[in-house]
Amino acid sequence: MKKRYISFLGGVVLSLMTSCVDYVPTDEYQVEKPESIALQEEINAYQTLKSYVDSTAHPGFILGGAVNQSEYADKGVMYRLINSNFNEITAGYGMKHGAIVQADGSLLLGGVNALFEAATAAGTTVYGHTLCWHANQNAGYLNGLLEPLVVNSPAFANELDLSGAMSGNLTGWTSQGDMVLSENDGMGEGTSAFKLTAGANLSAPEDLQLTTPEITIEPGNEYEIVAYIKSDRAAEGRISFEGLENNEPEMDWMGTGTASSTFQTTMSWKEIRFRVSDFQGETFKIKFDLGYTPGASHYLDINNLYVYNPNGEPMINNLVMNGDFESGTGWGGWGNGSTRGITEEGMGFGGEGKAFYVTNPSVTGGFWEVQTSYGFAEPLENGEAYKLSFWVKGDAQGIIRPELQSPDYSSNGFGQVMVTQEWKQVELTTTATADDRSRLIFSYGEYAGTVYIDNVVLSSASLSGGSTTLVQKTPEEKESIISGELERWISEMVTNSAEHVKAWDVVNEPMDDNNPSELKTGIGKTDKAADEFYWQDYMGKDYAVKAFQWAREYGNPDDLHFINDYNLEYNLDKCQGIIDYVAYLESQGAQVDGIGTQMHIGIDSNKQNIAKMFEMLAATGKLIKVSELDVRVNTSTPNAEILGQQAAMYKYVVDMYNEYVPKSQQYGITVWGIKDSADDASWLPGERQGLWNQNLNRKPAYVGFVEGLQGL
């Protein structure tokens, strides 16, 4: 077979180019078989790919193929082709974070498990691809975890007088243990908090305690208590009372759905919210008991510590009905062919609910030429100051302008509002100077694109209550949140897959293309795709250390763990970069079993670089895997000569892998280009990179790959 192949490959070009046969007269009317058909028959006469791997001489070599998860699980034509040619499958997308993690963070594993079931039935193994990557992530969910905490204080009178504490006067407050007022440690910028620090020796919860002044209430009513607390480490606390029938109740403190005697605190602000009604008299006190965790420092925000009657008289009246746009059709408007309406569910602020949108196709000659209008039930008070707050973002940067307007178009403007591509809260004030200010106008003439507006509140500035505090997460909080999410994702995915997956791409594509000794980053990147999320930007260089450690902790003890990247043969500095990073990971306690090189190459790729890459990778002593092999022909209409070059390149890659990588380090080769992509496909459109064409007929590339396998 080998000699037959060599003569066959050498004659590919000539055979295809001379497929038209001269007419030869004959009395017997015989038609000679076209050379192109004869050539295809020769290709089809080859056996399946995996039959060319000598499993006796080379038992560790694994021949893999990339699959579409649902297509494979459906057990159609591709299922049969893959199973007859390959020992192992790799899902192109279906096992990635973006495919599995849902909007609420839960894992949808039905498709993955269907893939496992189909592979098991065929006796084919599954390679795990991939646990930690920057692309194909559910970036919307992850970024949502990092959004600022938005705290809206109740729009009711606070029965707990905080005026003294806000000014530094703690008359009426009592404490046990180390308690101080700590400036700039509250939730809002420049605000204060009660700081309570536990000593080393604690014997009871009340050893560290803060007690409020007496709070006057109306017996028979139910009151809601709201507090925000954080700690410098994982800790515990409770709230007890003076003046209730049960002064040490069990409560669902943080809305977990379960009542308990205590609550848990972390470095992030947590909301405590519950109701009480079993008062003994007309006053009571609240006690924050934090003497559980030695050495912990706790912060209790002052500005948003609230006790109120939720059935009382609201102190704020939003003059904009349906300002959250959860019902109705939005506001009217006009100008420049603009459109407006209510978004779909999930497009409101914070990825929740709905928002109002306006699309202006182009900037106009005046800001007033594109507007929306909301009419009040009655005109505003002349001489009264009004506060306007709302959340806004757009699909581009630009300016909009809100104003209070009269029927004669005179107005009191709130000023310019700069719109960015991220949600931001706007709080503005203006004074009505006429008796007939009867509508709220937004002008968009200076903005080209779509603006989204949510949670619009217009109220008299003389009323208090209903304030909003925006709490940004610290870098330490973000690191903790994202590290926890990566561990949860890896643990759940690996645990679910343990019976079927014995090898994983733990970390994928870590090295930067422009700075190949450094990690990729999304910081400052303006063209980031919607599914990009860079774990390393929050967890630092050791993100991969933790990923490998978690994969080992939650998986099978003998699982093989790979790091994988592309263009290692194109950029040898990048190849050295990943080799150095592997050495760093292992110096920090990670176990890296192998390195994957993707090898999305072309017929014109540098052959010397390919050989050198294999030599460099093999020198690490690690298992080496060609993880995603395909060879582009750089045209959608390849001729016979180009198809021959493609076949030769497939053979060359396998030859160099076998020459430079010792058999003991050869994990195997996974073919990514199973069949040619269609011209409109998203991956290598029109590049004809596969071993089969789109009609699943074998190509000369199939023969080139076979010859490479025969040399193993």
Side-chain angles (χ1 to χ4, degrees), residues 318-344 347-350 353-380 382 384-459 461 468 526-527:
N318 187 4
L319 299 174
V320 178
M321 299 293 292
N322 189 34
D324 58 5
F325 303 105
E326 296 307 302
S327 61
T329 58
W331 302 341
W334 53 82
N336 197 38
S338 60
T339 56
R340 61 209 55 81
I342 303 295
T343 68
E344 295 180 358
M347 294 184 66
F349 166 68
K354 303 174 184 178
F356 177 61
Y357 74 89
V358 175
T359 300
N360 182 23
S362 63
V363 174
T364 62
F367 68 86
W368 59 87
E369 294 184 16
V370 180
Q371 292 183 323
T372 57
S373 174
Y374 175 84
F376 304 129
E378 56 185 35
L380 304 179
N382 190 357
E384 181 75 14
Y386 289 90
K387 295 189 299 184
L388 174 66
S389 71
F390 58 94
W391 289 87
V392 64
K393 77 168 185 175
D395 59 9
Q397 290 192 348
I399 293 171
I400 63 173
R401 303 187 189 218
E403 57 188 306
L404 304 177
Q405 194 181 79
S406 296
D408 64 0
Y409 306 114
S410 64
S411 66
N412 299 116
F414 287 95
Q416 295 181 343
V417 173
M418 174 57 69
V419 177
T420 67
Q421 291 177 278
E422 302 293 334
W423 282 109
K424 72 172 186 179
Q425 187 185 38
V426 177
E427 293 182 318
L428 305 165
T429 302
T430 192
T431 300
T433 59
D435 292 330
D436 57 353
R437 298 287 191 246
S438 56
R439 58 193 179 196
L440 175 64
I441 298 288
F442 278 75
S443 297
Y444 309 86
E446 298 163 284
Y447 186 96
T450 300
V451 176
Y452 300 89
I453 294 174
D454 201 2
N455 296 336
V456 180
V457 176
L458 181 73
S459 62
T468 298
T526 58
D527 60 343

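The first residue of the sequence shown is numbered 1, and numbering continues consecutively from there.
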Trainee: Quick one: which residue pairs count as a side-chain hydrogen bond (donor to acceptor under 3.5 Å, both in side chains) with a foot in residues 405-417, not counting sequence neighbours?
Mentor: E403-S411, Q405-R439, S406-D436, S406-R437, D408-S410, S410-R437, N412-T433, N412-R437
Trainee: From D454 CG over to D324 CG, what is the distance, rounded to the nearest 0.5 angstrom?
Mentor: 7.0 Å
Trainee: Mind checking the CZ-CG spacing from F376 to L319? Nearest 0.5 Å is all I need.
Mentor: 6.0 Å
Trainee: Can you tell me how far CD1 of I400 sits from CD1 of I453, rounded to the nearest 0.5 angstrom?
Mentor: 4.5 Å
Trainee: On a heavy-atom basis, which atom in V417 and which in P402 lie closest, and how many Å separate them?
Mentor: CG2-CD, 3.8 Å
Trainee: Any chance you could measure L428, atom CG, to R401, atom CZ, to the nearest 0.5 Å?
Mentor: 12.5 Å
Trainee: Can you name the closest pair of heavy atoms from G449 and Y447 and give their distance?
Mentor: C-CE2, 3.4 Å
Trainee: Return yes if some donor-acceptor pair links the side-chain N/O of Y357 with the main-chain N/O of T339 below 3.5 Å, else return no.
Mentor: no
Trainee: Would you say the side chain of Q397 lies within less than 4.5 Å of the side chain of V419, judging by non-hydrogen atoms?
Mentor: no
Trainee: Checking R340 against T359 for the side chain to side chain contact (heavy atoms under 4.5 Å, CB included) test, could you report, in this order, the C-alpha distance in whole Å, the side-chain angles of both residues, the deciding distance, and whether it holds?
Mentor: CA-CA 6 Å; R340 61 209 55 81; T359 300; over 6 Å; no
Trainee: Give the minimum heavy-atom separation between N318 and V456, together with the two atoms involved.
Mentor: ND2-O, 3.0 Å
Trainee: Answer yes or no: does atom CE of M418 have more than 12 heavy-atom neighbours from other residues, nucleotides or ligands under 6.0 Å?
Mentor: yes
Trainee: I need the minimum non-hydrogen distance between W423 and G348, along with the two atoms involved.
Mentor: CZ2-C, 3.6 Å
Trainee: So that I know where these two stand, are F390 and F356 an aromatic pair - ring centroids less than 6.0 Å apart?
Mentor: no
Trainee: Sub-3.5 Å donor-acceptor pair from the side chain of E422 to the main-chain atoms of K393, do we have one?
Mentor: no
Trainee: How many angstroms lie between OG1 in T429 and CZ in F414, if you round to the nearest 0.5 Å?
Mentor: 7.5 Å
Trainee: Let me confirm one number: the CZ-CG distance from F442 to L388, rounded to the nearest 0.5 Å.
Mentor: 5.0 Å
Trainee: Name the atoms and distances for all side-chain donor-acceptor pairs under 3.5 Å in residues 366-373, with sequence neighbours left out.
Mentor:
from, atom 1, to, atom 2, distance (Å)
E369, OE2, G366, N, 3.3
Q371, NE2, S443, OG, 2.9
T372, OG1, Y444, OH, 3.0

Trainee: Counting only N and O atoms by type, is there a donor-acceptor contact under 3.5 Å from the side chain of N336 to the main-chain atoms of V363?
Mentor: no
Trainee: Which atoms form the tightest heavy-atom contact between A448 and A396, and what is the distance?
Mentor: O-CB, 4.1 Å
Trainee: Do any N or O atoms from the side chain of D395 and from the backbone of T450 form a donor-acceptor pair under 3.5 angstrom?
Mentor: yes
